[in-house]
Amino acid sequence: MRLSNTLIPTLRDAPQDAEIESHKLMMRAGLIRKLGAGLYTFLPMGLRALRNVERIIREEMARAGAIEVLMPSLQPREIWETTGRYETLKKSMFRIRDRQDRDMVLGPTHEEVITELVSHELNSYRQLPRTFYQIQTKFRDEIRPRFGLMRAREFIMKDAYSFDLDWDCLDRSYQAMYAAYQRIFERCGLRVKIVEADTGAMGGNASHEFMVLAEAGEDGIVECESCAYAANVERGERALTPAVEEPAGAGLVDVATPNARTIEEVSKFLKLPARRLIKTLIYLADGKPVAALLAGDRDLNEIKLRKALGCTELVLADAAQVESATGAPVGFAGPIGLTIPVIADAGLQGRASLAAGANKADTHLVHVSVTRDVGAARFHDLVNAKTGDACPRCAAGKLREMRGIEVGHVFKLGTKYSEAFHAAYLDANKEKKTMIMGCYGIGVTRTLQAIIEQSHDENGIIWPAGVAPFLAAVLPLSPNETCMNTALKLEEELIRAGIDALVDDRDERPGVKFKDADLLGCPIRIVVSDRSLAEGKVELRKRSEKTSQLVPLEEAVSRVETLFS
Ligand code: ATP
Ligand code: MG
């Protein structure tokens, strides 16, 4: 392809709203353009790379035995009501109305549609197991669309759904998808970390996320330094050494702490480390106030708190609600003397010599003993695991925190959807059984950007060969016909060898061509110039390496081939 025949609008500077490197590079290399918040057009280079990711996914899905279908984005409200998700997903779902005033949804995911289909089309044990997938556009009204394709409102997902006879059979389907995901990400040139993920109300070890490790990732991960344990912080646990009862010491004492509200302010004022303070957070669980306690150096995990309380809605109380529940302004809540239920993080059990709010303005209590003074509390794991905690799996190792980009997610669903849609089969004894489901997603467009986030340098993208929009960039440098014709002939020969090449046929200075070639990131650069041609040679350089080599023109194609074999 000649560069002048396509659209590759490279930019010197990234737009203001591009915060992370991969987003900047996608804009600068002319892969995408923004239409509105979380809405992007794919330009030719971006689209070619995207198609490569999709091709890898299709090949690996086929290898794993999954069947491709294509479901509508536009869906009737009724199927979403069947599972209750018309309500529970309402905030993130795009809803529209047709000309007959019927409510419709732009699909954020497709469990409902596929299960409705399968409930009609499959009904015998002979037809199971089956895994269906599609590569299709999803719509989600994200609170904060950002980072380009990472969190968009319209994006492409590969979503797969398995239908099995029983739980053992699901284990095998799950394992097949898990292995396919490992191969897909490897072929995309990505290093991924597979972590245990939160399973919502289901419990059990039935969900994994595929994380691309990157500072810019929106997900927190904890992993053990010595064993294989790794989990999303939403789920990550820590080993709690059996609570050692610290001596209660002196009795409670009121201390004036004027204007010291935050953990930082109180810690400074009382000259106590944050871990010696009790953080008291007032929440409304299904509308009723409850106090959650944790050590001052910890972050509350709302998913764990919700589970421990068994509530569906959990919101942090506002200032007025805090005041009515504790009798004190925000910043001075504490567990002692409260009339609302108290739930505490298990890490606080047995601890003493702590400080806590006194439920009185500008006052804290010191010498708090959890056992003596907060006896009524229930203890649960309520906080995020963090660096230095003991590993819950091997106990010997320490955990460390990392950040990741969730590119894939596999999940054992069970019967939630198959029950709702009566997706059942007759077994060998003609007995009716509910199908057991799994679902498996890959953010295709997010994966594309994650590849760039993990593979770039200060000059631009470094495409892994499997996904590169073109394997080779051919740069005719000298402004004369021989040079240009040699470049175009080289392109033809490369194509014959199955290697797509981009010829920079623009009337530009060498410096501009070099800069853009680095920015665009094709794995191989072939420079054709009068100087090298005088010796019958061209210059070959791998984008990932600093040094180039002169090779005889007639050997150029075979040399490129060997570089990729
Ligand atoms: P997140 O926690 O990042 O919002 P999710 O857990 O809601 O994602 P899933 O429902 O598991 O997402 O969707 C499967 C995959 O689709 C995710 O692993 C992710 O790669 C991708 N994905 C989800 N939301 C978006 C989005 N707004 N933009 C781009 N890709 C997305
Ligand atoms: Mg997910």
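All values below were derived from every heavy atom in this structure, side-chain atoms included, with hydrogens, water molecules and symmetry-related copies excluded.
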Checking ring-ring contact (aromatic ring centres under 6.0 Å, His included) for the pair Tyr178/Phe210: CA distance, chi angles, key distance, verdict?
-> CA-CA 9 Å; Tyr178 187 105; Phe210 290 70; 5.5 Å; yes
Gap between atom CG of Leu106 and atom CE of Met93 - 0.5 Å precision = 10.0 Å
Qualifying salt bridge (charged side-chain N to carboxylate O under 4.0 Å, His left out) pairs, either residue in residues 517-528, two or more places apart | Asp518-Arg541, Asp518-Arg543, Arg525-Glu539
Distance-only donor-acceptor pairs under 3.5 Å for side chains of residues 458-479, two or more places apart:
unit_1	atom_1	unit_2	atom_2	d
Trp463	NE1	Leu520	O	3.1
Ser478	OG	Asp530	N	2.9

Asp101: what forms a salt bridge (charged side-chain N to carboxylate O under 4.0 Å, His left out) with it, not counting sequence neighbours?
-> none
Taken in chain and number order and not counting sequence neighbours, the residues that satisfy salt bridge (charged side-chain N to carboxylate O under 4.0 Å, His left out) with Arg306 are none
Drop me the distance from Ser548's OG to Ile526's CD1, to the nearest 0.5 angstrom.
-> 12.5 Å
Closest non-hydrogen atom pair, Lys158 against Tyr440 | NZ-O, 3.2 Å
Below 4.0 angstrom, N of the basic side chain to O of the carboxylate: do Glu154 and Arg140 qualify?
-> no
Is Arg102 close to Arg97 at the side-chain level, that is, under 4.5 Å between some pair of heavy atoms?
-> no
For Glu492, side-chain hydrogen bond (donor to acceptor under 3.5 Å, both in side chains) partners two or more places apart | none
More than 12 heavy atoms from other groups under 6.0 Å of CG on Leu7 | yes
For a quick test of your reading: what N or O donor-acceptor pairs under 3.5 Å do the side chains of residues 9-20 make, sequence neighbours left out?
unit_1	atom_1	unit_2	atom_2	d
Thr10	OG1	Asp516	OD1	3.4
Thr10	OG1	Asp516	OD2	3.2
Asp17	OD2	Lys34	NZ	2.7

Between atom CZ of Phe421 and atom CG of Leu117, what is the distance when rounded to the nearest 0.5 Å?
-> 11.0 Å
By side-chain hydrogen bond (donor to acceptor under 3.5 Å, both in side chains), which residues pair with Asp505, not counting sequence neighbours?
-> Ser4
Could you name each residue pair satisfying salt bridge (charged side-chain N to carboxylate O under 4.0 Å, His left out) that touches residues 183-194, not counting sequence neighbours?
-> Glu59-Arg187, Glu60-Arg183, Glu60-Arg187, Lys193-Glu223
For Arg58, check salt bridge (charged side-chain N to carboxylate O under 4.0 Å, His left out) against everything at least two apart and list the hits.
-> Glu68
Salt bridge check: are Asp141 and Arg153 linked by an N-O gap of less than 4.0 Å?
-> yes
Tell me, which pairs form a salt bridge (charged side-chain N to carboxylate O under 4.0 Å, His left out) where one or both residues lie in residues 479-488, sequence neighbours left out?
-> none
If you measure from the Lys or Arg side-chain nitrogens to the Asp or Glu carboxylate oxygens, is any gap between Arg85 and Glu111 under 4.0 Å?
-> yes
Ser22 versus Gln449, closest heavy-atom pair with distance | OG-NE2, 2.9 Å
Run the numbers on Arg235 and Asn232 for side-chain hydrogen bond (donor to acceptor under 3.5 Å, both in side chains), then give the verdict.
-> CA-CA 5 Å; Arg235 179 193 166 93; Asn232 191 313; over 6 Å; no
Short N-O contact, Asp299 and Lys386, less than 4.0 angstrom = no
Salt-bridge present (Asp103, Arg77; N to O < 4.0 Å) = yes
Give a yes or no on whether a salt bridge exists between Arg403 and Glu215, defined as a side-chain N under 4.0 angstrom from a carboxylate O.
-> no
Taking only residues two or more places apart in sequence or in another chain, which ones pass side-chain hydrogen bond (donor to acceptor under 3.5 Å, both in side chains) with Thr415?
-> Glu419
Glu142/Arg151 salt bridge by N-O under 4.0 Å criterion | yes
How would you list, by chain and number, every residue that makes a side-chain hydrogen bond (donor to acceptor under 3.5 Å, both in side chains) with Lys138, sequence neighbours excluded?
-> His110, Gln136, Asp159
